[in-house]
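What follows is a single structure, written as structure tokens, with notes after it.
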Amino acid sequence: MSKLRSDRSRDGATPTKFLRSAAAASCTAAVLWAVTPSAYAQAPADGKIPNLTSISFAWLAAGVHWFDPPPGLGRGAIKQDPAYPYHSNVDGPGQVTPDIGYTKDPVLKPWAAKQMQESNDEVLSGKRGLAFVAQSTCYPGGVPGQLLTPAEPFYFIQTPSEVWMIWQRDHMVRRIYMTDRHSEIVKPSWYGESIGHYENDGTLVVDTIGLSTRNSFLDWYRTPHSEKEHVTERYRLTNNENTLEVLVTVEDPDTFNEPLYMVQRWRKVRNAMLETVCSENNGDHFGHNLFPIPQTDNPDF
């Protein structure tokens with residue numbers, strides 16, 4: 001297969017590019033829906049292409065925390081610190097508690113545990129009303145953190161050369177290039193460089209490198225990573241194609257003492273895409289010292 005061209009190695013993350021991408025996606029969705037599975041690139045000769053794309057349905061996350069991997073596969077994601085039990089707004093009556101990651105997990109390198117503990121201390125001491133969450137502060141969630149975006153769905157567009165994942169919130173766009181080799185030089189970016197292929201059973205396999213580290217975390221516990229992070233995702237349909245599941249493998253020898261295996265699930269919902277702008281009325285109105293949303297002194301238009 002052809003190598004990914006270097007001029008396409010960055011998954012541009014500026015607001016203007018996101019809006020242009022979302023507009024293009026909306027205009028072409030109906031045409032792409034008509035493309036037959038046999039036309040897709042990187043498709044197995046005897047297999048099938050999963051039906052992920054539609055103008056009438058989307059995928060809604062089952063939660064904001066990673067599920068455990070299948071038994072025997074390996075260790076899972078970082079968990080909540082047992083000293084601070086987690087109580088969400090769907091757990092019934094009671095005070096909602098913050099996400100406090102377990103920084104004594106032996107899988108963490110010392111620098112990562114220290115950084116996470118500093119973030120925990122900010123919240124526990126009251127210095128910050130809430131810890132940093134990319135989806136709440138209008139930042140891209142990175143890979144694989146973007147997969148934990150709650151409340152609003154995301155959509156697929158599948159073409160012979162690319163697969164797009166488009167989140168309703170801010171119309172964040174991630175592009176997966178259907179080729180088998182990464183670029184020789186990959187400049188770190190929000191979503192890195194993702195390449196993919198389909199396996200015979202319809203599994204979409206995605207391989208990602210070149211991920212930037214600024215405000216980029218694996219989860220809501222602010223688990224960091226280095227620029228050596230390598231992420232593999234395996235997407236498959238289950239439950240009569242009403243559920244989408246991904247098995248994520250994170251390898252980062254500078255941050256973790258062994259690979260992490262994590263699962264996320266989405267349910268199919270009959271939602272047409274809406275326009276949701278994260279930055280509208282998104283401010284620290286009650287003086288809780290929240291993380292500010294991105295600002296620029298030079299508007300795009």
Side-chain angles (χ1 to χ4, degrees), residues 1 4 11 25 29 32-33 35 37-44 46-55 57-70 73-74 76-77 140-150 152-168 172-180 182 191-209 211 218-219 229-251 259-269 271 273:
M1 291 294 172
L4 184 63
D11 207 352
L32 295 171
W33 178 243
V35 176
S38 60
Y40 291 114
Q42 291 291 296
D46 300 324
K48 64 177 183 178
I49 302 300
N51 182 19
L52 305 174
T53 303
S54 176
I55 59 175
F57 69 73
W59 302 99
L60 186 64
V64 298
H65 296 131
W66 295 108
F67 294 96
D68 292 331
L73 183 60
V143 178
Q146 183 71 15
L147 304 181
L148 299 177
T149 300
E152 296 184 72
F154 82 98
Y155 303 76
F156 281 97
I157 290 180
Q158 295 163 278
T159 76
S161 59
E162 299 179 22
V163 172
W164 287 18
M165 302 172 74
I166 307 174
W167 278 263
Q168 179 172 283
M172 295 283 183
V173 179
R174 178 187 176 195
R175 297 167 181 84
I176 301 161
Y177 299 98
M178 304 304 282
T179 184
D180 59 356
H182 282 288
Y191 294 125
E193 178 181 274
S194 296
I195 61 175
H197 67 273
Y198 297 106
E199 294 188 339
N200 287 334
D201 63 355
T203 299
L204 171 62
V205 181
V206 182
D207 188 279
T208 302
I209 61 173
L211 292 155
L218 270 61
D219 49 37
E229 181 188 24
H230 174 209
V231 181
T232 305
E233 301 152 84
R234 300 179 61 86
Y235 293 87
R236 66 188 186 96
L237 292 170
T238 64
N239 188 29
N240 294 321
E241 300 191 351
N242 289 308
T243 300
L244 176 65
E245 179 177 288
V246 65
L247 172 62
V248 178
T249 303
V250 175
E251 299 171 286
L260 303 182
Y261 298 89
M262 309 173 290
V263 170
Q264 174 62 311
R265 299 184 181 97
W266 299 264
R267 60 184 175 89
K268 183 183 289 185
V269 291
N271 287 52
M273 183 183 289

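Hydrogens, waters and symmetry mates are skipped; everything else that's a heavy atom, side chains included, is used.
- Between atom OG of residue Ser54 and atom CD1 of residue Ile157 there is a gap of 11.0 Å, rounded to the nearest 0.5 Å.
- For the pair Leu244 and Leu237, the minimum side-chain heavy-atom distance is below 4.5 Å.
- Inter-residue side-chain proximity for Arg265 and Thr238 is flagged as unmet; no heavy-atom pair is nearer than 4.5 Å.
- Interatomic distance, CZ of Phe57 versus CZ of Arg267, reported as 14.0 Å (0.5 Å rounding).
- By the 4.5 Å heavy-atom criterion applied to side chains, Met262 and Val250 are counted as neighbours.
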I would like to know whether His230 and Asp207 meet side-chain contact (heavy atoms from CB on, under 4.5 Å); could you show each step before the answer? CA-CA 8 Å; His230 174 209; Asp207 188 279; 2.6 Å; yes
Could you please spell out the steps behind the side-chain contact (heavy atoms from CB on, under 4.5 Å) verdict for Arg236 and Asp201? CA-CA 9 Å; Arg236 66 188 186 96; Asp201 63 355; over 6 Å; no
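- Counting heavy atoms from C-beta on, the side chains of Tyr191 and Met172 come closer than 4.5 Å.
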Yes or no on side-chain contact (heavy atoms from CB on, under 4.5 Å) for Glu199 and Val205, after CA distance, side-chain angles and deciding distance? CA-CA 7 Å; Glu199 294 188 339; Val205 181; 3.7 Å; yes
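- Val246 is listed as a side-chain neighbour of Trp266, based on a closest heavy-atom distance under 4.5 Å.
- Counting heavy atoms from C-beta outward, Glu245 and Tyr235 have side chains that stay 4.5 Å or more apart.
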Given the rule in the side-chain contact (heavy atoms from CB on, under 4.5 Å) test, do Leu247 and Phe67 qualify, once you have shown the distances and angles that lead to the verdict? CA-CA 9 Å; Leu247 172 62; Phe67 294 96; over 6 Å; no
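- From Leu204, atom CG reaches atom CE of Met178 across 5.5 Å, with rounding to the nearest 0.5 Å.
- Here the side chains of Val163 and Tyr198 are in contact, with some heavy-atom distance below 4.5 Å.
- Side chain of Gln158 to backbone of Leu52: a donor-acceptor contact under 3.5 angstrom is found.
- Between His65 and Asp219 the shortest side-chain heavy-atom distance does not fall below 4.5 Å.
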